[in-house]
Amino acid sequence: MAKRKLRNRKVRLVAIGAALATGGAVVTLLPSANAAEEKTPEQIMSMCHRSAVINGQQRSVRDFNASFGDGFAADNCDFVETNFETFDGPAEKSSIDFPNCEPNATEPAKVSVTWSATVAQGKGKYTVTQQGGGAGIFGFLSGSWLKHKGTLDMTVASVTAGDTEQREVPVGKVLHMEFTPKIQRMTGEWRVRIDANPGSFAVNPSPEQNFVAPEVVEGPVILPGAAGAPGIADGTSRAVLTDC
């Protein structure tokens with residue numbers, strides 16, 4: 001009986017050795033955390049939002065309304081820029097119509113045109129970045145914008161531009177104003193890292209884990225306001241004439 005037990009034990013050892021030689025036992029012997037995990041960009045951004053360090057800034061769990069017992073979801077999150085560009089946004093009608101369409105009109109009509117345009121502020125690819133200011137992670141991008149002399153303000157919903165101009169409306173025409181905002185766009189990726197854990201008596205070791213979520217953030221270029229007033233949207237206005 002004792003011999004049979006010894007023989008069975010030898011068989012088990014040979015089976016384990018064969019599996020190790022072929023790599024078959026690696027998955028079962030390593031902790032599951034070591035395996036590469038698939039995460040959606042939204043999940044990665046959530047980890048970034050709850051990281052201990054974002055763009056070099058040390059954080060507290062209170063920064064994302066968590067308790068000490070909740071801990072951090074990741075050790076580090078950095079935004080790495082890959083491209084920056086400015087371009088003209090879509091033109092929008094920014095005034096009412098001023099017609100000169102009377103049947104007996106013979107001369108251009110002189111009008112005082114007041115126009116106003118509102119342009120939405122910072123917009124990111126993921127909803128977690130659209131919380132603005134201190135609530136989200138938009139604020140951590142400020143340094144990247146300033147590097148390009150960009151003044152995108154992540155804490156307000158919109159900026160405006162406007163003016164009052166003296167214009168002439170030719171006979172048989174209708175005049176209105178259009179505003180084309182200048183837009184800035186920053187492309188990059190958020191890189192989230194969970195540090196390696198050497199393990200302990202009760203905890204299995206785990207390797208470093210890295211996750212990447214692409215990001216595109218854009219908003220209007222903002223000109224400084226006069227006398228400390230809020231900044232205004234940069235862009236060009238033009239008069240548009242159409243037939244009566």
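The first residue of the sequence shown is numbered 1, and numbering continues consecutively from there.
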Nearest heavy-atom neighbours spanning [X] and [Y]:
X      : Y      : answer
Arg185 : Phe87  : NH2-CZ, 3.3 Å
Phe72  : Arg59  : CZ-O, 3.5 Å
Cys48  : Ile54  : O-CD1, 3.1 Å
Cys101 : Lys173 : SG-O, 4.0 Å
Asp78  : Gly56  : OD1-N, 3.9 Å
Ala105 : Val171 : O-CG1, 3.6 Å

Enter the distance from [X]:[atom1] to [Y]:[atom2] here, rounded to the nearest 0.5 Å.
X      : Y      : atom1 : atom2 : value
Asn100 : Glu168 : CG    : CD    : 10.0 Å
Cys77  : Arg191 : SG    : CZ    : 11.0 Å
His49  : Glu42  : NE2   : CD    : 14.5 Å
His148 : Thr86  : NE2   : OG1   : 10.5 Å
Leu223 : Ile232 : CG    : CD1   : 5.0 Å
Glu218 : Glu85  : CD    : CD    : 8.5 Å

Does any non-hydrogen side-chain atom of [Y] lie less than 4.5 Å from one of [X]?
X      : Y      : value
Pro170 : Leu241 : yes
Arg167 : Phe98  : no
Ser112 : Thr164 : yes
Trp190 : Met47  : no
Lys182 : Asp88  : yes
Asn76  : Ser51  : no

Subject >> Test side chain to side chain donor-acceptor pair (under 3.5 Å) applied to Asn55 - qualifying residues, sequence neighbours left out >> reply: none
Original post:
What pairs with Asn210 under side chain to side chain donor-acceptor pair (under 3.5 Å), at least two apart in sequence or on another chain?
Top reply: Glu208
**OP:** Enumerate the residue pairs fulfilling salt bridge (charged side-chain N to carboxylate O under 4.0 Å, His left out) with a member in residues 97-118, sequence neighbours excluded, ordered by first and then second residue.
**Re:** Lys93-Asp97
If hydrophobic clusters are built by linking Ile, Leu, Val, Met, Phe, Trp and Tyr wherever their side-chain heavy atoms come under 4.5 Å apart, do [X] and [Y] end up in the same one?
X      : Y      : value
Phe79  : Trp145 : yes
Val169 : Val113 : yes
Val159 : Trp115 : yes
Ile96  : Phe179 : yes
Phe211 : Met45  : no

Original post:
Going through the distances and angles, do Thr118 and Thr160 end up as a side-chain hydrogen bond (donor to acceptor under 3.5 Å, both in side chains)?
Top reply: CA-CA 4 Å; Thr118 300; Thr160 61; 5.7 Å; no
Has [X] got a side-chain atom pairing as donor or acceptor with [Y]'s backbone, closer than 3.5 angstrom?
X      : Y      : result
Gln184 : Pro220 : yes
Ser95  : Met177 : yes
Asp75  : Asp195 : yes
Thr82  : Thr187 : yes

